[in-house]
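Following: one structure in structure tokens, then a few remarks.
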Amino acid sequence: MRCKTTRLCLLLVSLPLAAAAPTVPAPVPDSEVFSREQIGHALAAPTPQAGHTAASPANAPPDDGQWTMPAKNYASTRFSSLKEITPQNVAQLTPLLSFSLAVNKGQEAAPIVADNTMYVVTAYPNFVYALDLTKPGAPLKWRFAPKPVPASQGIACCDVVNRGGTVDHGKYIFNTLDGQTIALDVKTGLPLWRTRLGNINVGETITMAPLVAQGHVYVGNSGGELGVRGWLAALDEETGKLLWRAYSTGPDRDVLIGPQFKPFYPADRGTDLGVSSWPPQAWQIGGGTVWGWVTYDAELNNVIYGVANPGPWNQEQRPGDNKWTAGIFARDPASGAARWYYQFSPHDEHDYDGVNEQLLLDMPFGGQMRKVLVHIDRNGYVYVIDRHTGQVLSADPFGPVNSSKGVDLQSGRLIVNEDKTTHVGRITHDICPTASGAKDWNPSSFSPDTGLIYIPHENICMDWQNMEVNYIAGTPYVGAEVHMKPGPGGNRGQLTAWDPVNRRPAWIVKENFPIWSATAATAGGLVFYGTMDGWFKAVDAGSGKLLWKYKMDSGVIGQPVSYRGPDGHQYIAVLSGVGGWSGAVVSGPVDPRDGSAALGFVNVMSDLPKYSTAGGTLYVFSLPH
């Protein structure tokens with residue numbers, strides 16, 4: 001097959017078309033995975049009577065009806081206190097507005113609403129639109145075209161997506177695929193500053209949403225499958241000047257590890273572990289990118305973020321724990337100095353990036369209220385972690401898991417299942433979860449009314465074989481052949497309402513395809529999410545009952561938001577546009593007959609083109625007024 005655009009083709013086409021079947025494989029049997037009771041662990045039994053789970057006002061201030069950052073607030077609750085739309089009237093929800101984005105690629109961004117203006121950034125070429133919500137039809141106020149370098153498309157991991165921008169102090173701040181961070185004047189759309197952070201010549205791109213806090217803009221890179229060395233950078237919000245950059249691998253001076261660093265577990269203590277836990281020089285091309293979610297803990301004054309997988313995927317080429325990849329850092333926001341770190345997957349061998357969202361909550365545990373972060377990791381576990389120290393309080397599977405046998409809460413270490421380790425020259429079958437994890441980047445939401453976390457995720461497993469690979473700058477550095485397949489039951493996606501206090505699901509909604517959109521919860525008692533076959537849905541937050549759905553022009557992998565319009569009414573907005581890693585078979589170009597394409601995702605998604613087409617549209621919904 002001849003590939004024309006994006007690293008989806010550059011990286012991932014390895015088998016002749018005749019070698020792969022176009023049908024979706026049979027699901028992995030239930031008997032192949034562990035139960036939650038077998039591998040879930042906690043330091044104490046649930047004590048829900050000790051208090052009410054909620055985010056603190058410092059991290060989730062009173063809702064003003066706007067949605068100024070993708071996560072809604074620093075607690076990352078993605079919860080709207082608006083309640084005009086309820087289970088009783090949501091069936092009347094109708095589209096008020098649709099706006100073409102002029103880009104038919106994977107649209108993963110959250111629409112941002114501030115001062116009666118809506119801001120949307122698209123997938124490459126990263127157009128930014130500002131729409132006037134005070135006027136009928138929300139006419140365009142301005143449009144900005146950053147003109148990123150076209151060659152960045154050819155090295156972009158997992159479609160040319162963008163996960164959104166943020167509004168703060170009169171600026172709309174976003175990233176471009178070719179490695180720039182740009183601040184626009186919200187009134188005029190003119191650039192106030194633009195800073196180049198990434199280098200596409202070595203494979204770096206930027207797809208993540210920046211975090212703005214305390215006058216700093218935090219940005220991380222993508223490109224771990226091209227031998228990129230990961231980092232998080234802090235910019236001055238007023239000028240765009242680089243303040244500090246903390247690498248994910250290498251000597252302590254590069255990782256900004258010094259006297260403040262006090263990790264909870266002994267395995268993370270020592271000098272220059274970012275070098276000694278790798279083969280010689282391998283840390284220089286070892287991945288650990290920061291392409292997911294960053295948040296700021298206003299109570300403890302920490303910047304907290306996850307770190308992606310080590311590279312290459314062939315784990316036999318990089319013995320050791322491969323620090324500081326596949327884990328989570330807490331840092332001093334002013335200096336970048338590391339304060340604590342925890343590694344979800346030491347020596348990760350299944351592409352279990354640690355970049356998913358952190359929900360900052362006050363939660364009863366062990367008979368008292370604790371300040372925790374809840375992290376839903378790709379390795380299949382819901383982690384509850386003490387925000388002061390990085391100690392794991394509990395870790396429970398929320399989907400099918402057999403690549404590990406739980407988390408040892410004394411050492412903090414993932415217990416690897418040796419039966420599912422990967423090797424050169426041998427296929428390891430039925431590894432669960434798959435490389436994109438039990439859940440990928442798409443963030444969960446939390447409702448203080450129900451105490452539940454609404455996890456959008458997938459039910460997919462895989463077959464894996466390692467291959468020897470050599471590093472060439474700016475080209476794929478993977479070293480594995482993967483073929484994905486449905487997990488137990490055959491449904492490839494599900495929405496799980498997770499009770500973090502009692503460590504169990506309250507209810508589950510099964511979907512045919514992976515859920516690749518975010519969720520948004522509201523005080524009206526609803527949860528909104530989208531499906532890859534083009535349905536935008538509202539379910540009851542307490543029971544999961546489907547109450548409303550609307551068929552879009554394309555699949556939904558974006559982040560829904562709820563906001564108060566200038567007329568005082570509640571509105572729901574979301575982008576359509578299927579794509580991303582899971583939707584490569586539609587947004588490609590990728591041939592559905594090649595099961596190894598898109599790093600094996602096509603094998604389990606070959607039927608998606610029957611249900612969805614490429615697109616890119618902003619939709620806004622409301623009740624009849």
Side-chain angles (χ1 to χ4, degrees), residues 36-60 73-79 262-265 268 295 297-302 304 306 327-330 339-344 354 356-377 379-399 401 404 406-415 438-439 443-455 496-507 521:
R36 180 168 49 85
E37 291 75 16
Q38 286 176 302
I39 61 174
H41 302 293
L43 291 175
T47 53
Q49 70 279 5
H52 176 70
T53 303
S56 73
N59 289 323
N73 47 44
Y74 292 141
S76 302
T77 62
R78 292 176 169 83
F79 174 79
K262 301 187 184 303
F264 186 83
Y265 297 102
D268 299 319
T295 197
D297 187 342
E299 289 187 287
L300 303 184
N301 192 35
N302 280 331
I304 303 173
I328 184 171
F329 268 113
R339 287 178 169 159
W340 58 258
Y341 169 88
Y342 171 71
Q343 192 166 33
F344 300 111
N356 291 350
E357 70 279 5
Q358 286 73 235
L359 292 95
L360 309 185
L361 303 175
D362 294 344
M363 191 185 96
F365 187 89
Q368 61 181 315
M369 294 299 292
R370 300 284 292 265
K371 294 191 180 301
V372 304
L373 68 84
V374 181
H375 174 91
I376 302 99
D377 198 68
N379 68 13
Y381 295 88
V382 176
Y383 288 83
V384 177
I385 296 175
D386 185 293
R387 295 191 341 244
H388 287 278
T389 64
Q391 180 188 19
V392 177
L393 304 180
S394 65
D396 295 279
F398 63 96
V401 174
S404 61
V407 177
D408 181 335
L409 296 185
Q410 297 307 308
S411 66
R413 197 169 184 90
L414 190 70
I415 304 168
K439 188 183 86 66
S444 311
S445 57
F446 167 79
S447 169
D449 297 336
T450 64
L452 300 176
I453 297 171
Y454 301 98
I455 305 174
T496 296
W498 184 266
D499 182 339
V501 176
N502 292 300
R503 302 170 41 229
R504 64 190 181 203
W507 51 259

*asked:* Measuring only between side-chain heavy atoms, which start at C-beta, is Gln343 closer than 4.5 Å to Leu414?
replied: no
*No-hydrogen, no-angle side-chain donor-acceptor test under 3.5 Å, Glu299 and Ser56*: yes
*Between CD1 of Ile455 and CH2 of Trp498, what distance do you get to the nearest 0.5 Å?*
6.5 Å
*If you look at every heavy atom in Ala497 and Leu452, which pair is closest and at what distance?*
CB-CD1, 4.0 Å
*Heavy-atom closest pair, residues Ile415 and Val407*: CD1-C, 4.2 Å
*Mind checking side chain to side chain donor-acceptor pair (under 3.5 Å) for Asp297 and listing every partner two or more places apart, or none if nothing turns up?*
Asn59, Arg387
*asked:* With a 4.0 Å cut-off on N to O distance, would you call Asp362 and Lys371 a salt bridge?
replied: yes
*asked:* Could you check whether any side-chain N or O of Ser394 sits under 3.5 Å from a backbone N or O of Ala42, counting only pairs where one atom can act as donor and the other as acceptor?
replied: no
*Using modelled atom types only, decide if a donor and an acceptor are shared between the side chain of Asn73 and the backbone of Ala75 within a distance under 3.5 Å.*
yes
*For residues Asp499 and Pro505, determine if any side-chain heavy atom of one lies less than 4.5 Å from a side-chain heavy atom of the other.*
no
*How about Gln410: does its CD atom have over 12 heavy atoms from other parts shown lying under 6.0 Å from it?*
no
*Nearest 0.5 Å, what's the CG-CD distance between Asn302 and Gln358?*
12.0 Å
*Member of Ser444, Ser76, Ser445 meeting the side chain to side chain donor-acceptor pair (under 3.5 Å) criterion with Glu357*: Ser444
*Worked check of side chain to side chain contact (heavy atoms under 4.5 Å, CB included) between Val372 and Leu393*: CA-CA 9 Å; Val372 304; Leu393 304 180; 3.9 Å; yes
*Which of parallel (below 30°), tilted (30 to 60°) and perpendicular (above 60°) describes Phe329 and Tyr341?*
tilted
*asked:* Can you give me the closest heavy-atom contact between Ala55 and Leu361, atom names plus distance?
replied: N-CD2, 4.1 Å
*Any idea which heavy atoms bring Ile385 and Trp340 closest together, and the distance?*
CG2-CH2, 4.3 Å
*Heavy-atom distance under 4.5 Å between the side chains of Phe365 and Leu43, does that happen here?*
yes
*Could you tell me the separation between the OG1 atom of Thr389 and the CZ atom of Arg339, rounded to the nearest 0.5 Å?*
14.0 Å
*So, for Tyr383 and Phe344, is the gap between ring centers shorter than 6.0 Å?*
yes
*Quick one: are Asn356 and Pro443 in side-chain contact, heavy atoms under 4.5 Å?*
no
*Would Phe446 and Thr53 satisfy side chain to side chain contact (heavy atoms under 4.5 Å, CB included), going step by step from the backbone distance to the final call?*
CA-CA 10 Å; Phe446 167 79; Thr53 303; 3.7 Å; yes
_Closest contact, heavy atoms only, His375 versus Asp377_ = NE2-OD1, 2.7 Å
*Search all heavy atoms of Phe398 against all heavy atoms of Ala438 and return the closest pair with its distance.*
CZ-CB, 3.5 Å
*Within a strict 4.5 Å, meaning less than it, do heavy atoms of the Met363 and Arg370 side chains meet?*
no
*Does a donor on one side chain sit under 3.5 Å from an acceptor on the other, for Thr496 and Tyr454?*
no
*Going by atom types only, do Asp386 and His388 share a side-chain donor-acceptor pair under 3.5 Å?*
no
*asked:* In the structure I gave you, are the side-chain heavy atoms of Ile304 and Ile328 within less than 4.5 Å of one another anywhere?
replied: yes
*Below 6.0 angstrom between ring centroids: does that apply to Tyr342 and Tyr265?*
yes
*asked:* To the closest 0.5 Å, what do you measure between CG (Leu359) and OG1 (Thr77)?
replied: 7.5 Å
*Check: Asp449 main-chain N/O paired with Ser447 side-chain donor or acceptor under 3.5 Å*: yes
*Spatial distance of atom OH (Tyr381) from atom OG (Ser404) [nearest 0.5 Å]*: 3.0 Å
